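It should be emphasised that the depicted structure is a prediction, and the values quoted were computed from it without experimental measurement.
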Amino acid sequence: MRRLRAWCFRSLVSKSNQQNHPKRSKEEAMENQKQTDNGADHKEKLVNSSSSHATNIVLNHDFSGGLHSWHPNCCDGFVVSADSGHPEAKSAGNNYAVVNNRKECWQGLEQDITGRISPGSTYVVSACVGVSGPLQGSADVLATLKLEYQGSATNFLLIGRISVSNGRWETLDGKFSLSTMPDRVVFYLEGPSPGVDILIKSVVISSSSPKECQNGSSGNVNLGDENIILNPKFDDGLNNWSGRGCKIVLHDSMGDGKIVPQTGKVFASATERTQSWNGIQQDVTGRLQRKLAYEATAVVRIFGNNVTSSDVRATLWVQSPNQREQYIGIANVQATDKDWAQLQGKFLLNGSPSKVVVYLEGPPAGTDILLNSLVVKHAERVPPSPPPVIENPAFGVNIIENSNLSKGTNGWFPLGNCTLSVGTGSPHILPPMARDGLGPHEPLSGRYILVTKRTQTWMGPAQMIGDKLKLFLTYQVSAWVRIGAGATGPQNVNIALGVDSQWVNGGQVEASDNRWHEIGGSFRIEKQPSKVMVYVQGPAPGVDLMVAGVQIFPVDRQARFKYLKRQTDKIRKRDVVLKFSGLDSSSLLGCFVKVKQTQNSFPFGTCISRTNIDNEDFVDFFVKNFNWAVFGNELKWYWTEPQKGNFNYKDADELVDLCKSHNIAIRGHCIFWEVVDTVQQWIRSLSQNDLATAVQSRLTDLLTRYKGKFMHYDVNNEMLHGSFYQDKLGKDIRAKMFKSANQLDPSATLFVNDYHVEDGCDTRSSPERYIEHILDLQQQGAPVGGIGIQGHIDSPVGPIVCSALDKLGILGLPIWFTELDVSSVNEHVRADDLEVMLREGFANPAVEGIMMWGFWELFMSRQNSHLVNAEGDVNEAGKRYLELKKEWLSQAHGHIDEQGEFIFRGFQGTYSIEIATAPKKLVKTFVVGQGESPVEVPIAL
């Protein structure tokens with residue numbers, strides 16, 4: 001089995017999300033010019049480790065004992081003696097190791113140093129290395145530590161690297177320090193391309209710096225400081241750069257001298273661009289290491305074609321050895337023709353590519369892209385954020401002044417030229433969603449703010465609350481609202497916050513009749529603002545607005561969690577009666593029994609993508625911690641048929657095979673996507689008849705190919721937010737899609753799927769609207785089998801989420817969170833958000849599965865939503881998920897009673913049981929299925 005990691009250097013070495021671009025033709029993927037070899041010469045430097053004053057912890061450091069204590073990793077190795085006559089032996093002057101028959105760049109020579117290092121100490125590494133084999137130019141040799149921790153993912157620490165040419169010896173220097181002691185630490189040397197031998201003369205690892213090698217300067221490379229871009233500021237003209245489908249030109253100024261470099265003396269322009277993807281590029285093949293996070297920073301602007309502002313993007317084009325192409329979006333910035341702008345983002349390569357090109361693109365044809373500098377470095381590891389310290393949070397205390405209007409409109413002011421007055425006749429009861437979270441309170445006063453003379457939708461009552469808010473605290477918003485006469489249709493009412501210049505949604509509701517409506521939402525502020533205003537807005541100009549009982553209060557999540565734990569035990573557990581047989585009753589009575597659940601069968605799944613599975617660490621975390629999967633893009637129509645008749649099922653096929661090999665069930669996402677921006681251009685341009693034919697072909701091709709392989713299908717994604725197919729083919733097309741899908745694969749459960757259903761912030765997809773939508777489909781004969789709630793949510797509040805689930809639960813259909821993610825810059829707050837959603841879902845009887853929309857940094861749809869950092873460290877949110885998974889495994893122990901039974905209460909899933917009987921201990925397994933009534937499980941001994 002291939003080891004759990006592979007870093008590869010071939011020759012040298014929120015929201016910046018990493019996403020795949022739509023597939024492009026090979027003609028567009030321009031052939032990139034090869035990099036210029038600057039021919040920089042390095043003096044030789046020999047390691048004289050015996051002169052080091054510190055103790056060398058490496059055993060057999062100079063290979064005088066052959067390969068004793070060393071181990072070739074999935075390759076071969078041997079030692080050449082100084083008098084052997086080998087070509088490099090003369091220059092080496094003493095013994096050296098040769099690592100050959102390398103099939104992967106990560107294969108090399110390793111030594112276990114576990115018992116010879118201590119946490120907190122700093123160790124200096126110096127190795128004398130060379131290479132031999134088919135090389136054009138040089139190859140990088142890397143020194144790496146493998147850090148193994150019991151029960152968690154293996155980590156890898158890059159210590160140093162050096163570029164080496166055939167026939168030369170170089171010194172690879174580096175240092176490391178470990179804050180905690182892993183269970184196992186392995187040092188190894190790796191890096192060059194397959195087929196290139198690694199030569200190693202000596203290795204020194206000591207707690208103080210060894211003496212320098214003879215005759216030369218240090219070959220140390222500091223990964224954190226080194227820019228992998230060659231000629232990054234164009235000091236050497238345009239060497240190493242080329243145009244991607246266009247020309248590149250060097251300038252010291254442009255625009256009659258108005259445009260000059262921000263730094264340095266010159267800048268480059270990508271000009272005569274005829275496509276948006278044309279730009280300036282550099283081939284960085286071999287200079288990027290897989291599974292390592294990089295940060296790119298560019299200084300850019302635009303010029304010409306009367307375009308004053310445009311999106312400029314940094315993109316990575318990656319080609320794998322099997323010719324598979326991938327476009328990785330690194331970063332984007334809105335650039336102007338007035339000044340230089342900084343573009344910054346991060347990326348990571350999962351696989352070992354055969355070619356990698358970084359380039360700038362984006363503005364419309366005819367507009368030049370100007371580049372002053374480009375830096376691509378190993379991204380610094382950001383230390384985990386500490387848990388926020390919130391003094392006196394005052395959970396459940398309303399921060400709104402004069403909420404009951406006992407002082408008239410004091411504390412409130414009109415936003416805009418509207419008029420505020422106080423009326424009576426509003427509800428005395430608190431809105432339902434606020435009842436569990438609000439602290440001790442009296443009934444509402446029955447008074448309301450009447451807003452008249454509104455001439456703009458944003459006009460309404462407002463109040464400044466900035467001095468009452470605490471950072472990182474989640475606030476629930478609640479109120480009763482009503483609209484006056486004169487509205488021509490349903491009116492959207494919104495409680496909003498103006499946080500400095502930013503609009504924050506505090507909740508929305510659609511009001512369409514002469515009654516009071518509950519409005520509920522939530523928010524959280526994570527950066528200190530200068531001012532915060534809450535205001536109520538929304539109805540059309542001229543429509544009066546009535547607002548009563550406005551409440552904004554901090555949420556006590558821990559109190560809610562205690563309640564949810566009790567609910568979970570009631571809903572997810574069942575009584576289990578183990579009935580033992582096979583021994584006489586006297587032998588069974590009193591035998592000690594130990595029951596341990598090994599797997600909870602409730603579906604906890606995640607989104608995965610084809611590129612992810614090239615990363616062994618990703619796959620390891622995935623298969624250990626999830627039992628369902630959904631594909632990010634690979635099943636969508638724009639992916640499987642980007643151009644008419646040009647099919648790509650290879651990516652989906654490989655993901656299906658991976659899931660099947662690990663017994664992981666799969667959701668099919670999605671057959672169609674109703675939002676027009678997600679529909680490929682060739683589909684949009686079809687006539688009505690041709691579109692109907694294409695829709696049926698899509699159904700037939702997909703569901704016939706994968707019949708029986710996907711447990712669910714999201715048939716037509718986001719129908720509450722888009723209507724492309726309905727607009728083109730008529731209202732009944734949606735029901736027809738469900739009917740046809742059911743005929744083609746009757747085994748699959750067919751879902752509706754939409755977003756902002758559970759958070760109170762979008763009237764288009766409120767639970768009430770969703771219910772109407774589902775009932776309408778069913779009345780047309782659509783076999784809707786499940787309700788998908790995507791769950792892309794911010795600052796979730798349990799009672800609001802629960803209210804949505806309970807409302808949808810009346811339909812009797814299984815509810816799944818299908819794309820759950822939460823976002824916070826603080827890992828501890830993100831963990832709390834995730835716990836809210838997981839506990840609310842797991843404690844609600846209508847919810848039958850929870851799918852996360854990914855877990856690995858740089859492969860999420862939203863910034864600051866990952867559970868595992870880019871290079872494999874599990875963060876606080878990930879730890880919380882694993883803790884909850886552990887909490888939801890049952891354990892019990894006791895003795896068999898007089899009836900030959902042992903009774904306990906546990907979650908559904910797989911169990912192991914140990915029975916201590918004379919004269920031996922027996923181990924059995926059993927499964928507890930779904931159900932509410934007690935279940936009897938026979939255990940034959």
Side-chain angles (χ1 to χ4, degrees), residues 5-13 16 18-21 29 32-35 37 104-106 135-144 156-164 190-194 196 221-232 240-242 244 280-298 314-321 324-331 343-360 374-381 611-612 614-618 856-859 869-872:
R5 167 196 180 279
W7 277 343
C8 182
F9 275 51
R10 286 296 174 91
S11 57
L12 280 170
V13 16
S16 298
Q18 177 164 325
Q19 300 171 351
N20 294 331
H21 283 234
N32 304 296
Q33 76 175 41
K34 295 183 178 179
Q35 297 171 21
D37 185 357
E104 299 282 351
C105 56
W106 50 264
L135 273 181
Q136 292 182 350
S138 58
D140 269 15
V141 177
L142 282 63
T144 309
F156 297 87
L157 177 64
L158 182 64
I159 301 170
R161 57 177 181 156
I162 187 68
S163 184
V164 188
E190 57 170 335
S193 301
V196 176
V221 175
N222 186 330
L223 186 64
D225 293 336
E226 184 183 351
N227 185 5
I228 69 143
I229 298 296
L230 304 179
N231 188 25
N240 306 108
W241 295 94
S242 64
R244 189 173 185 84
I280 185 169
Q281 66 181 6
Q282 184 170 135
D283 188 328
V284 294
T285 305
R287 285 180 266 153
L288 294 171
Q289 184 171 333
R290 70 184 292 254
K291 301 199 299 183
L292 201 63
Y294 290 88
E295 185 169 61
T297 306
T315 304
L316 209 66
W317 174 74
V318 181
Q319 187 178 57
S320 63
R324 185 196 304 269
E325 294 181 351
Q326 181 189 5
Y327 292 87
I328 299 173
I330 301 172
L343 179 155
Q344 191 169 39
K346 293 170 65 175
F347 67 92
L348 175 143
L349 295 178
N350 286 304
S352 299
S354 59
K355 194 166 189 177
V356 185
V357 176
V358 62
Y359 66 98
L360 299 180
L374 176 61
V375 175
V376 178
K377 295 181 179 180
H378 178 218
E380 292 186 9
R381 289 199 178 191
T611 180
N612 294 143
D614 292 329
N615 185 333
E616 303 92 330
D617 299 338
F618 179 98
W856 202 277
E857 185 184 11
L858 301 181
F859 298 92
N869 298 337
E871 295 179 5

Q: Let me see the working for Thr315 and Phe347 under side-chain contact (heavy atoms from CB on, under 4.5 Å), right down to the final yes or no.
A: CA-CA 10 Å; Thr315 304; Phe347 67 92; over 6 Å; no
Q. Yes or no on side-chain contact (heavy atoms from CB on, under 4.5 Å) for Ser163 and Asp140, after CA distance, side-chain angles and deciding distance?
A. CA-CA 4 Å; Ser163 184; Asp140 269 15; 3.4 Å; yes
Q | Side chains of Glu104 and Ser352, donor plus acceptor under 3.5 Å | A | no
Q. Taking all atoms of both residues into account, what is the closest heavy-atom pair of Glu857 and Ala870, and its distance?
A. OE1-N, 2.8 Å
(Q) Quick check: do Leu288 and Val358 have side-chain heavy atoms less than 4.5 Å from each other? (A) no
Q: Mind checking the CD1-CH2 spacing from Ile328 to Trp317? Nearest 0.5 Å is all I need.
A: 12.0 Å
**Q.** Nearest-0.5 Å distance, CD of residue Gln289 to CZ of residue Arg161
**A.** 8.0 Å
Q. Has the side chain of Arg381 got a donor or acceptor atom that lies under 3.5 Å from a matching backbone atom of Glu871?
A. no
Q) Can you find a heavy atom in the side chain of Ile330 that is under 4.5 Å from one in the side chain of Val376? A) no
Q) Are the side chain of Thr144 and the backbone of Leu157 linked by a donor-acceptor contact shorter than 3.5 Å? A) no
Q.
Strictly distance-based, threshold 3.5 Å: is any side-chain N or O of Trp106 a donor or acceptor partner for the main-chain N or O of Gly191?
A. no
Q) Is a side-chain N or O of Asn350 found less than 3.5 angstrom from the main chain of Thr611, in a donor-acceptor match? A) yes
Q: Measure the shortest side-chain to side-chain distance between Val141 and Pro192 over non-hydrogen atoms and say whether it is less than 4.5 angstrom.
A: yes
Q. What orientation do Tyr327 and Tyr359 show, parallel under 30°, tilted 30 to 60°, or perpendicular over 60°?
A. perpendicular
Q. If you measure from OG on Ser320 to NZ on Lys355, what distance do you get to the nearest 0.5 Å?
A. 13.5 Å
Q.
Within the 4.5 Å heavy-atom criterion, are Arg244 and Val357 side-chain neighbours or not?
A. yes
Q: State, yes or no, whether a side-chain contact exists between Glu295 and Lys346 at a heavy-atom distance under 4.5 Å.
A: yes
Q: Specify the closest pair of heavy atoms between Pro232 and Leu374, including all atoms of both residues, with the distance to one decimal.
A: CB-O, 3.2 Å
Q: Dump the intermediate steps for side-chain contact (heavy atoms from CB on, under 4.5 Å) on Lys291 and Phe618, then the final yes or no.
A: CA-CA 10 Å; Lys291 301 199 299 183; Phe618 179 98; over 6 Å; no
Q. Okay, side chain of Asn615, backbone of Asp617: is any donor-acceptor separation there less than 3.5 Å?
A. yes
Q. Checking Thr297 side chain against Val375 main chain: does a donor-acceptor pair fall under 3.5 Å?
A. no
(Q) Within this structure, what is the CG-CD distance for the pair Asn231 and Gln282, rounded to the nearest 0.5 Å? (A) 7.5 Å
Q) Atom CZ in Arg324, atom CD in Gln319: separation rounded to 0.5 Å? A) 11.5 Å
Q) If you take all heavy atoms of Leu348 and Ala293, which pair is closest and at what distance? A) CD1-N, 4.0 Å
Q | Closest approach of Leu343 to Ala331 (non-hydrogen atoms, all atoms of both residues) | A | CD2-CB, 3.5 Å
Q.
Between Asn612 and Trp856, is there a side-chain heavy-atom distance shorter than 4.5 Å?
A. no
Q: Classify the angle between the aromatic ring planes of Tyr294 and His378 as parallel (below 30°), tilted (30 to 60°) or perpendicular (above 60°).
A: perpendicular
